[in-house]
Each structure stands twice: as structure tokens, then as C-alpha cells.
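Notes to accompany the following structure.
Values in this document were obtained by computation on a predicted structure and should not be read as measured data.
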Amino acid sequence: MSNQNYVITSTSEFSEKKAYVDHYGDLVIEHGEQSVIVDVEQAKQLMEILEKFTKGAAQ
């Protein structure tokens, strides 16, 4: 998964984000000049949150 860049497409003029795995194996999500670094354990928790979020949005 390293050396791959991903783009989380824009849903409005300012919402595009970029994500990649850094040399430590952490997921980095960038939005403009800000970034969030998520390790593997945090990514697992984030996946659970996103699953609940998307289920709620689908209803």
C-alpha cells in the first residue's frame, strides 16, 4: 500500500482531500495545509465509525 496516493474527491469547492501511506506505515489524510496521521489501530476504529456513518446516511 505504500507509495500509493489516493484522492478523496470533492463534494464541494473546498472539500477535496489526499491520502497516502507514509514511510512509517501510517495513513496520512491531507486537506490543504492540514493533515491527520492515523496508525493501523486508529484506522480500524475509523473504519468502524465510517461504516456506522455511511449506514446512517443511507437511511
Side-chain donor-acceptor distances from residues 23-37 under 3.5 Å, at least two apart:
from: E30; atom 1: OE2; to: Y20; atom 2: OH; distance (Å): 3.3
from: H31; atom 1: ND1; to: E16; atom 2: O; distance (Å): 3.3
from: H31; atom 1: NE2; to: F14; atom 2: O; distance (Å): 3.4

(Q) Checking T11 now: which residues fulfil side chain to side chain donor-acceptor pair (under 3.5 Å) with it, not counting sequence neighbours? (A) S15
Q) Tell me the salt bridge (Lys or Arg N to Asp or Glu O under 4.0 Å) pairs involving residues 36-46, sequence neighbours left out? A) E41-K44
Q.
Using a 4.5 Å cut-off between side-chain heavy atoms of Ile, Leu, Val, Met, Phe, Trp and Tyr, which other residues end up in the same hydrophobic cluster as V7?
A. none
Q: List, by chain and number, the other hydrophobic cluster members for I49, where Ile, Leu, Val, Met, Phe, Trp and Tyr join if side-chain heavy atoms come within less than 4.5 Å, directly or indirectly.
A: none
Q. Other than L50, which residues form its hydrophobic cluster under the rule that side-chain heavy atoms must be closer than 4.5 Å?
A. L46
